Structure formats: C-alpha cells, structure tokens
Amino acid sequence: MAIRAFLGLMILLLFSSTISTALFEDQVGLADWHQKYIGKVKHAVFHTQKTGRKRVVVSTEENVVASLDLRTGDIFWRHVLGKIDRIDQVEIVLGKYVVTLSSGGGILRAWNLPDGQMIWESILQVSASSKSLLYVSANMNVGKDNLILVFGGSLIHALSSTDGQIVWRKELSTNSLEIQQVFQPHDSDTIYALGFIGSSEFVAYYVNYKTGEVLEQSKASFESGFCGEASLVSDDVVVALDASRTYLVSISFRNGVINFHQMYIPELIPEFSGKATLLPSMHNGILAVDIASTIVMLRVKGVNELKIIEKINHPSAISDALPLSKEQQAFAILQHDESRIHYKVKFDTDLTSEIVWSREDGLASIVDSTTSELPVEKEGVSVAEVEHSLFEWLKGHFLKLKGTLMLANPDEVAAIQAIRLKSFEKNKMTRDHNGFRKLIIVLTRAGKVLALHTGDGRVVWSVLLPVLRKSETCGNPFALNVYQWQVPHHHAMHENPSVVVVGRCGHNFDAPGILSIIDSYTGKVHNSLVLEHSVRHIMPLPFTDSTEQHLHIVIDDNLHAHLYPKTSDSVKIFIDEMPNIYWYSVEVGKNIIKGYSLELKGELDMAENDFQPKELWSIVFPSASEKIALTATRKMNEIVHTQAKIIADQDVMYKYISKNILFVATVAPKAAGEIGSVTPEEAWLYAYLIDTVSGRILHRVSHQGAQGPIHAVMSENWVVYHYFNLRAHRYEMSVIEIYDQSREDNKDVWKLVLGKHNLTAPISTYSKPEVTVKSQSYFFTHSVKSMAVTATAKGITSKQLLIGTIGDQVLALDKRFLDPRRSVNPTQSEKEEGIIPLTDSLPIVPQSFVTHALQVEGLRGIVTTPAKLESTSLVFSYGVDLFFTRIAPSRTYDSLTEDFSYALLLLTIVALVAALLVTWALSEKKELREKWR
Amino acid sequence: MKLALLLFFLLVSNFLPSSLAAPSSSGDGYTITGRVKVEGMTSKGFGVSSKLLNAKIILNGGQSVTFVRADGYFTFHNVPAGTHLIEVAALGYFFSPVRVDISARFPGKIQAALTENRKVLHELILEPLREEQYYEIREPFSIMSFLKSPMGLMVGFMLLVIFVMPKLVENMDPEEIRRAQEEMRTNFLPGSS
C-alpha cells in the first residue's frame, strides 16, 4: 500500500512539472463536442416576406432571443438575456429589425435581423403590476417610419423603429387598466385598444397612430365581472370569459357602441364541467376554448352565434395561427399519446404537411445528469472487418505522418481532419478499454430523459416520462434528480443498468413524490409510481442488495425516511447498517442545520418501511448577524488515493479525510443581496467546516468586507470557495485544507517499524479530532457561475478546478495554484516539490480554457466523471448549450496521445533495420578484406 | 490609416460629455453609459468587429446584462448609488472588470477604475488588456523537434553506436585491446571452471 502511494506520488511529481494541457486548433472536435440550443419556445415570429433566407425569430423560456433558419432549423444568431430581464414579446419591424420587449415591459431592444447586432435600447416607465403589450403595425408602408407601440398599464409609449426614440407618450387617465388586445383595421390611422378596468368594466380606446391622441373611448360594465382573458375573433367582436369561467361573453364594439352577449358554456358544450380557459386568438373568426383536457374550436358568426367546429381530446399544445396567404391560416396541434407525440396541422382548407426539421431543445433545460456505462462488447468480429479496419488504420496513420512532416496537400489535410472527427472507434455503442465511451443520462425540466453518447453527443434514446405529465392525481409535476439505480457487475452481459428519476407533484414540499425507473440502454420505463409520501431529500446509500440495486432513502416532509427498493433483502441490509447512517438537513429560512440518525419504532411494516428520525444535534446561526448562503459537501463517490501528503524535507502530513464534512458559508443578512448594495463595513462572510455526524464545528473563519454570491467546491481534505471582496472590490478565492494532527507522531519510521503507531487504531467521528487548518486567499478576475473539480478513477492524478466564468467559458485551474503552502519565496526543497511562488491573483491562461474558443451559453452546471484511464476525467458542462470534453490534469501519462504517430515509429524501426543490414554487410566486407590482407 | 483612426477616436471622445452618468428622469437610479473599444479590430473602418457582436456587459456579476451597440456604446439604466462592478464578456479578449462608484452625495459624480491594475478611467472607455489565444500554436516541422522526439533519439543513438563506436575501437592501441581481451578471458575462466 505504502509502495503504491509512493509510486503514485512519484508519478505526480514527475508529471506535475507541466502546467495544464492545452489544445491545438486542429484538435478541436477530437475529444469534445458542443451543441447549441435555445430552449422551449414561448413566442415565434415568422419572417417570410422577402425572397432569400427565410427566418423565424423566437423567444424562449431560457430567456433566449434567436433567429433560426426556417428551412433547416439552424441558429443564425441568438442572445441570452439577463436573469431578471424576462422577454415578454418579440416582433419584427420594417422587415429588418427584431424588437424584444423585456423586464415586464421596461426595456425595448432592437436587433439587426441578419446578424443580431443590437441597434438600440430604450427604457420605458412601467407600473410593476400590469402586463405589457407590444404592438407593431402590420401594414408595411416602405419609407414610412413605423411606430412601435408599447401598452403597459395606463401608459402608451410610441417609439420610432429606426432609433428607439419615444415619439409620443400618452397616459390614459384610468387606474388598474389592463389592455388585452390591440389592433389596427386595414389602412387606417386609428388603433383600437381593448381592455378591462378592474374586473367588471370593458373599455375600448380609439387612438390616433401618429399623435397618440385619444379619438374616442367607450366603456361599459358587465355585472358578473370578467376573469381577465379575452380573445379577438374579428374586427369588431371580442370574446371574454366571465369571472366564474362558465360563461362566454362576446362583446361587440362597433362604432363605439358596446354590446354584451353571454352564453352559458354547458349549453354549447354539454360535457363541460369545471372551468374554461381561452387560448390565444386565431383572429379568423375561430375561438379556442380549453375545458378540462379538451380543446373546443368554435366559429363565431356575428355576436351571438357560436358553432362547434371540432373537439380535440387531450391536446398538450396548440400553436398560434400562421397566415399562409391573405385568406388562409393554419395552426398546429400537439397531442400526447402514451410516449409518442402526434403532430397535426390544421388549415381552413385541407392541406397535407410533414415535419421538415425538429430541434431537441429540451436539452437547454437540464436539471440533473448521471452517467452510465455502455454494454460490454460481444464476441464475434469477422476477419474481413479486422483486415479492413487494419488497412484503414494504416492508411490513416500514413496520412497523419504526411501531415506531421508538412508534406500533405490541402485535400489530404481535410481528409486527415475527417478521419479524426469521424473516428468509428469513439462512437461505438460498446464499452471501451479507456472508459471514454459512456452514456450521459440527462433529466430535463419538462420531465424528458435523454441519453447522450459521449463520443459525439448524439441522442441515443429519449423518453418523455408519462408520470411527469400533468394528470388528475398529480397537478403540477416537475423533475428533481436522476440517480443510478442498478449497476450490474456480475451479470453485465445479460442485465442492463437502470437509473431512477425522482420528481415531485407540486412545488410545495408536502406534494407527493414520483419515482420512475428507466433502463439505461434502451430508455424503457420499467416501473413508475406516484408515492404516498412527499420527497424532501433523497440519499443514495453506498449499499446494494442481492440484485445489485442501489439502496436509496427518501426523506419526506415529516422527516420520516422511506427505503427504496422495497424488498425484504434491502430492508435486511438497511437494518444492519442503520446505526451507521446519519443525515442532516439545512433549513435556510430558519438558519438551522440539524443532524439526525434513524430509528425504528415498534414493528417494521414491510409495506410501509417507515423510519423515524432521531435528532442528534442542531446548529442555530444567529439570524441577526448571519444568514446561510451556501453549503457544500464532497462527492459521495469520490476516491482518495492516499491519506498522506509528503512535503518538503521528507516530511509527511496526514490529510483529514472524512465523508461527513459539510462546508457552510454564512453572510451578513444585509449583504445577502447584490454587489453594490452594501458598504464593506456592513458585510462579512463566515466559513464553517462542520462534522455532520457529531455536529462539531471543526473550523470557522471570517472574511470581513466580503459578500456573496458564493460558490464552493469540496474534495479530499480541502474546500475552495469564491466570493466578492468589497474592500478590494475584486472577486476572491480562498482555500482551506484540513490536516489530521493526531497522526503527526507517525512520522517516525522507527515507530512504524516497531509497530508503535496508531495507524490501525479505529477512526471515530465521536472522538475529538485534533486537526490543523491551513488557508490562503487569492484574487480572481471573473465572476463565477459554477465550480467543480476533476475526478479520476483512483484519485492519483492531481486535481484541477473547473471554473465556469461569467463569460460562459470553463477554465481549468490547477489545484497547485490554490495551495495554502505557497509563499512569496519558496525554499529550494519547496520548489522541488512543485510549490509555485505566491502571487496575489490567480493566473488566467487562455490556453487552459477547456471550452477553448467556444461558449456554453447560460452555463449552469459542470459535472465530472472519472474515465477508466487514471489520467483522464470526463467533463460535461450544461446550460442553454452542452459541452463535453475529456481532460488530463497531469497530461496523459498512462497512454499515448491521439497525436502519437505510429507510422513514424514504424518508419524509424524500418530505417533502423535497414541501417543494421547495411552496416552488417559493410562489416562483413571489411572483415573479408582484413582476412585477405 | 491607423493614425487617422486614432485621431478620429480622440475627436469623438472630446465631443462626449465628460461625465459618465447622469441622473435619469425615469426611475430612482442613475444611468451608466460607456463604450467598448477594441483597437485595430476593424478592417472596414469604424464599427464593431464580428467578435464583439456577442459581447455582453454584465453589472454586478449578473444583476443586469446588456449588449454592445454597433458603435460600441452600452448603457445601464436605473443603477442605484454605490460601488458597482462592470464586467465585459467578449470571446477572444481579456477585459479587466471595472469598479464604478456612483456618489450619492454628489449626484452624477462617477469614478471608474480597472480592478486588475487599478488604473483610473476618466471616461468609461473599456479596452481589452490583451487578446486571448485559446489554442497552442503548432510548431512547423523541424529537424530539431524530430531529433528531440523519442524516435529521433533512438535513431541518433543507433547511428552513434554504429559509426562512432568502431572508430573508438580502431583508435585504441592493439596492445591494449589484446590486454583487455586477455583480462576478460582470465575473469571468465574461474566462472566456467
């Protein structure tokens, strides 16, 4: 063991002299892939008037505004707006600008349609409560400066579409006005603005388009009130719902005269019960009403005549009407049918349609991910295949050799690149020797589970979980996490691994939970159930039952624990291990951290397997001065290779390695907000290291004048956290390393030899640990979005921090830069150990961005997985985009690089053999001559 | 050409209002207006290069995000008084974050400084500290690099053994060789007996 540790350290020392590995430009795409997404589309505007490239401009739930190619679905350009700057509406003006209204009607921006350059930006004054509406005149008079109208509450702004200047502003003198519909009859300068005042009054304004003058206004009140929804069906009829949502009210407002006409929905639709919702208007005399899982299309003729055209059962989405020509309009309907989606396009007149392209944009909203191994390669590869591949392999390598010797012509260079990218090896659906090929199983917000191949990022399978769809038993389901459920080792050839998806039926903690078990290779749903209890936490345990299913504990809202899988076998294992299971809960709102163990009261009911919590300890933070900002723990599956750290002068330090350390950061309650809201004197940050079994605070450190946002990552015996230093007005990163003092005496070799050491003494978290702590802080230039640390199979390779910066790039930073033993002038022996002289800020080397010249827009998370090869770690980062690569923090010391030229090796050997033969012949000749002499 | 461009920039900056912000009429905050300038980036003259198309300006680590207009200007609206941080995220360039102080006592008085090198900015014109090169430069093939590679060393060693060693042996005195051979034999004999 000691020898192995020593060897590991030797390797470390050997290879730590090189700073991180960088990429050559022609290596892009060899080990990495990048996919661009936009997210779930909220609003789309089609730009098809002119010849040339046809586009669709969309805004999405990920707050992206993007321009897509209508023929292929490719992204021309896109922008991700800020978090609080939600996009409300998108329009195209003058055929060349895209206008977005965001921040609840507060900001109007214009983007250049061809390239996405921002043209202008205007700030509008809005009242916070009201909904805003953007209106762009549809009649395109070229040469005339089109106005953009923004209705927000009682204010109307008209802006010039060329420079964003406010042309006129009009305040309609009514409070609590909510404009619902705006339209402009053909070829007129008058704009009709229809809305509700309060809940019972309908109002129609006629506004001059050019000056903002209110030409006419008419009001009428409706005694039973409106629910606030309205749909414009023709130029003079609006259909609304009354307050109880059981009457349809059609309102005609021709010539300033308002007439109401109400219809009781059950009279129209006999099976109606409950509440109705109006769907976005079709504007061609058709009204769509959603009544409890059925959409009814009604044709409106006049004020009082409604006719049912069609009933659609269980649709999930219905598109806006899309004008095809002057007369025709079409709209699309999506229907779920078990796991399939039906897509229908309906027209006024019948036409056929087909799907031209589709984008898997659920991948822009990943909530959690896990990895799964691929199937083991089956025997039986034909000889011909091997020969063929050998020939290809040789050919490829000779091409590569030409490339390295700079002899290749451009065509051959292209061929080399193509061979590299299309490498058949990396995209195989079987396990490889190095462990580079895996499946990344991701869970998206909509409840779709997808498996991505690490070779090229293609979707291997995807499944939309039926349990995560809205149903009567489960009102508002959403996905929480995905974990490994079963990883077969003994029967790896015959059994498939599976994952478990955990969800919840509503946003409250007391809503019932959802579990669904999915086959990792095929995406087949094995089992899914709505639980009787809620899900607060889920804890994967490091135990498996006889069928190799991982044990999981689900903690419900009453802090009771439920064991899954519910088999007698797993319960037996669990009962045996129960005294060793501890858990904790962090109550951010109450500022309390509590530790628990589990106990069994009375007889165990197999069907229930309900375990009660036993509170062991609690830490209450003073709410007047501290507020919990962040907690971080080590990864459960992290592997630490050695407990000892050999430092200069052959000295040894023992790492304090415990899976039960919790890092907690608290900030001053005043400083919990954004940067710029407090002065340095009012802000502070405390960092705690807490043992979660005993509740003991191992270490506490304060940073005066510091505030959040805090990001932290914990690994082995250290924690690194990132925060803002208000005094220096820069971001800072601190490292805390924790060492075990109680083993300090074991340094003496004689003690080890004579057996007088305490290495074999049991380590208990109950005993008071004697720890020493080293820490250091450094400046860091950028804001951070996410942090992670590399993970390798055996934990021998040195670590790198992966920092997701504000520019949506991922920076790999050697842990050696965050070593608390760094000093300004390291001694000779420290230099030999590889300690870098102390600098006040951490270096940002452009070549160490693992995302190289790409950006992972809207970066939210970085996940690392060990490969089988010890030197390599797989990195998957997700946000709106996805990026995957593999990195070797200490270079690939255990394998030849992709670049290794086998052909050159072969050539060298051939040359050597030739030289050998030639010299042998020469020497023979010489010897003969010697003998003759 | 470059000089002319520079002069033009200077002229433009002279015409700009020297204050960086003004209390805006709407809302309760101030307006910060600045400009991103990348020297020598334009081949077609005045404008923003395609690299800056996706440049984002971020206030206080993501509190609000804005974009650069075609002429390089950007604006933050409704910013309260206090000390703020502005970051520029533009692929290919390294920008220092900027500390911006908006004084509450003297409305409209604004100070700005780069946080990386504490350089005080009189006008909020943000220039990249350096361009970023994300890839290693592949060095062209040279004899030296080949010789340094393991294969080169192998060939070199073999050549050394083949051509230099016989020369060494030749230069030795025949007497010495004989003596050495005899020595070897005597050493060898006890082993075989």
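Just so it is clear: chains get the letters A, B, ... in the order the sequence lines come, proteins before strands, and each one is counted from 1. Because only heavy atoms are used, hydrogens play no part in the values below, and waters and symmetry mates are left out as well, while side chains stay in. All figures in this text were calculated on a predicted structure; none of them were measured in a lab.
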Side chains of [Y] and [X]: any donor to acceptor distance under 3.5 Å?
X: Glu121(A); Y: Thr75(B); result: no
X: Glu732(A); Y: Tyr723(A); result: yes
X: Gln133(B); Y: Tyr135(B); result: no

Report task. Run the salt-bridge test on Glu116(B) and Arg730(A) with the 4.0 Å N-O cut-off and return the result as yes or no. Result ->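 Yes, charged N to carboxylate O under 4.0 Å.
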Within-4.5 Å side-chain heavy-atom neighbours: [X] and [Y]:
X: Tyr93(B); Y: Leu129(B); result: no
X: Trp77(A); Y: Val98(A); result: yes
X: Trp111(A); Y: Arg109(A); result: yes
X: Ile710(A); Y: Phe724(A); result: no

Look at [options] and state which one has the largest set of heavy-atom pairs under 4.5 Å with chain B.
options: Gln855(A), His729(A), His782(A); answer: His729(A)
options: Lys785(A), Arg78(A), Gln809(A), Lys83(A); answer: Gln809(A)
options: Ser923(A), Ala853(A), Ser677(A); answer: Ala853(A)
options: Ile84(A), Val784(A), Thr908(A); answer: Thr908(A)
options: Leu905(A), Leu916(A), Asp85(A); answer: Leu905(A)

Can you tell which part of [X] gets under 4.5 Å to a heavy atom of chain B, answering side chain, backbone, both or neither?
X: Asn112(A); answer: neither
X: Ile844(A); answer: both
X: Ile806(A); answer: both
X: Thr781(A); answer: both

With sequence neighbours excluded, tell me which residues meet side chain to side chain contact (heavy atoms under 4.5 Å, CB included) with Glu175(B).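 In terms of side chain to side chain contact (heavy atoms under 4.5 Å, CB included), with neighbours along the sequence ignored, Glu175(B) is linked to Asp173(B), Arg178(B).
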Region of [X] that comes under 4.5 Å of a non-hydrogen atom in chain A:
X: Leu85(B); answer: both
X: Phe74(B); answer: neither
X: Ala81(B); answer: backbone

| message | Below 4.5 Å, heavy-atom pairs only: which of Val65(B), Thr115(B), Asp101(B) has the largest tally toward chain A? | response |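 Top count of heavy-atom pairs under 4.5 Å with chain A: Thr115(B).
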Q) chain A: which of Arg130(B), His84(B), Arg118(B), Gln63(B) shares the most heavy-atom pairs with it under 4.5 Å? A)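 Ranked by contacts with chain A, first place is Gln63(B).
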